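Okay, structure first, notes after.
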Protein chains: 2
Amino acid sequence: MPRYEFRMQRVHVDAPLRPAEAVTASKDQANYLLNVLRLQAGDEVLLFNGRDGEWRATVETPTRKTCALVPAEQTRPQPAPSDFDYLFAPLKHARLDYMVQKAVEMGASRLSPVITRHTQAARVNTERMAANVVEAAEQCGILQLAEVREPRPLADVIAGWSREAPDRQLIFCDEGEASQNPLGPLEALKAEGARPLALLIGPEGGFSEEERALLRRQPFVTPIPLGPRVLRADTAAVAAFAVVQAVLGDWR
Amino acid sequence: MPRYEFRMQRVHVDAPLRPAEAVTASKDQANYLLNVLRLQAGDEVLLFNGRDGEWRATVETPTRKTCALVPAEQTRPQPAPSDFDYLFAPLKHARLDYMVQKAVEMGASRLSPVITRHTQAARVNTERMAANVVEAAEQCGILQLAEVREPRPLADVIAGWSREAPDRQLIFCDEGEASQNPLGPLEALKAEGARPLALLIGPEGGFSEEERALLRRQPFVTPIPLGPRVLRADTAAVAAFAVVQAVLGDWR
């Protein structure tokens with residue numbers, strides 16, 4: 001398990017991180033660091049930008065509205081990029097925030113909203129999704145920032161799959177699966193050898209029968225069940241990531 | 001997978017459920033059914049009480065403040081009771097609500113708050129926990145209502161284990177585990193034969209070193225890791241339930 005300073009505030013910045021090259025905190029960051037956490041000159045935080053690893057930095061020249069954050073030394077190198085697509089029918093408001101944060105914690109490297117027949121959210125705020133990616137990364141010490149994609153209709157994603165991601169396997173949580181245990185199909189997939197992964201979670205109302213049939217006839221799709229109970233979409237997301245990461249992903 | 005009416009409102013009641021024996025909706029239930037969902041006389045709902053299975057019932061004699069719910073026929077029998085203890089350091093407010101709902105969805109049959117050294121929530125509102133149990137059961141079609149216990153110190157729970165639950169295995173999510181994959185220790189436990197299970201998730205700040213050492217020296221404790229990333233406590237709960245249910249529990 002990674003070991004790093006648990007209680008030190010982690011801050012995402014866009015600027016490059018190099019020793020002694022000061023980064024200016026944004027207005028919101030400065031407000032949080034100086035007025036909420038009450039940090040003072042010389043106090044330490046951890047910085048990351050998604051490219052240069054994690055750096056211990058000191059707060060310097062605090063004013064009422066901003067401060068400098070000066071990198072001292074790298075505490076963790078940038079990890080090798082992970083490659084795990086998360087496709088999901090967007091939920092409304094707070095549940096979408098939650099689902100995005102959970103997907104980041106569980107190792108998604110790309111977040112792709114897909115519009116399905118029963119999708120409840122009419123519009124998808126990708127800026128808000130990106131803010132939730134940063135928040136989850138800051139809270140959980142994740143150094144790679146998941147990419148947020150624009151929403152696309154499920155049928156388009158499936159039609160373009162062989163062209164856009166010819167090698168990637170799509171694991172699809174199918175509420176209509178007759179069995180209950182995801183480990184069997186995942187172990188079978190593992191026996192076929194390593195390949196890039198994608199996970200698809202449907203909307204709260206489930207996939208339509210046409211969508212299920214479309215998915216199940218694709219050679220790159222593996223349907224898995226998730227036990228005997230109906231799960232809410234955000235619960236299903238974490239549960240599916242857990243079993244997929246444990247059998248096929250970076251929990252091995 | 002269970003099949004039942006997805007879109008019909010599910011309502012938990014305390015009264016026994018027998019054909020044609022009317023149950024009176026509580027004030028809050030009547031308000032929700034009549035004023036929010038705008039149900040009318042003759043419309044149908046599903047009733048459950050945690051003992052008598054699930055019943056299709058009709059709304060009758062609605063007034064402005066109440067209505068009768070009259071069971072017509074049983075749609076699902078009461079399932080055999082499950083037996084899965086969930087022990088957890090309580091979180092604050094909304095995150096506790098969320099964790100309780102997720103634990104119910106994932107199959108917990110008993111919710112036992114344990115107070116650890118780094119537990120952040122000073123008091124635990126068990127009435128609110130019980131309300132969240134009902135809400136999750138209503139939303140997810142779960143017919144067994146998880147029991148909510150009073151909080152106890154972790155050391156007391158461990159000291160009383162052999163007397164109170166001599167046969168039960170405690171699976172403990174250990175952030176200090178050197179490995180990353182939970183499947184190995186869970187498969188080893190499975191090879192030892194079926195026994196009742198308990199799952200323990202620590203507080204956001206982790207267990208103290210003393211607590212980890214206490215847990216790890218008990219013969220009834222199995223530590224498991226949950227991958228390479230730090231997970232928030234509510235994420236860890238769903239992820240741990242998923243792998244435990246898949247290897248040892250009712251997802252098999």
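In this text, all values refer to a predicted model and were calculated from it rather than measured experimentally. First the proteins, then the strands, lettered A, B, ... as listed; each starts at 1.
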Nearest non-hydrogen partners of B:I201 and B:A233, listed with the distance: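 Minimum heavy-atom separation between B:I201 and B:A233: CG2-O, 3.7 Å.
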
Partner of A:R10 under side chain to side chain donor-acceptor pair (under 3.5 Å), chosen from A:Q139, A:E138, A:E54: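 The residue from A:Q139, A:E138, A:E54 that satisfies side chain to side chain donor-acceptor pair (under 3.5 Å) with A:R10 turns out to be A:E54.
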
Chain A contact via B:Q245 - which portion, at a heavy-atom distance below 4.5 Å: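 Answer is side chain: those atoms of B:Q245 sit under 4.5 Å from chain A.
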
Portion of B:Y98 that has a non-hydrogen atom of chain A nearer than 4.5 angstrom: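 Side chain of B:Y98 only, per the 4.5 Å heavy-atom cut-off to chain A.
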
Pair B:D43 + B:R38: basic N to acidic O under 4.0 Å: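 Looking at B:R38 together with B:D43, the answer is no, because their closest N to O distance does not fall below 4.0 Å.
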
Side-chain ion pair, B:E147 and B:R149, N-O less than 4.0 Å: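 Between B:R149 and B:E147 there is a salt bridge, with a charged N closer than 4.0 Å to a carboxylate O.
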
Distance-only donor-acceptor check, side chains B:N49 and B:D52, under 3.5 Å: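 A donor-acceptor contact under 3.5 Å links the two side chains.
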
Per-residue contact mode, A:V244 against chain B (heavy atom under 4.5 angstrom):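 It is neither, since no heavy atom gets under 4.5 Å.
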
Region of A:L231 in contact with chain B, defined by heavy-atom distances below 4.5 Å: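 Backbone plus side chain of A:L231, per the 4.5 Å heavy-atom cut-off to chain B.
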
Heavy-atom pair count under 4.5 Å with chain A, highest-scoring of B:E105, B:M106, B:K102, B:Q101: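 Among the listed options, the one with the most contacts to chain A is B:E105.
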
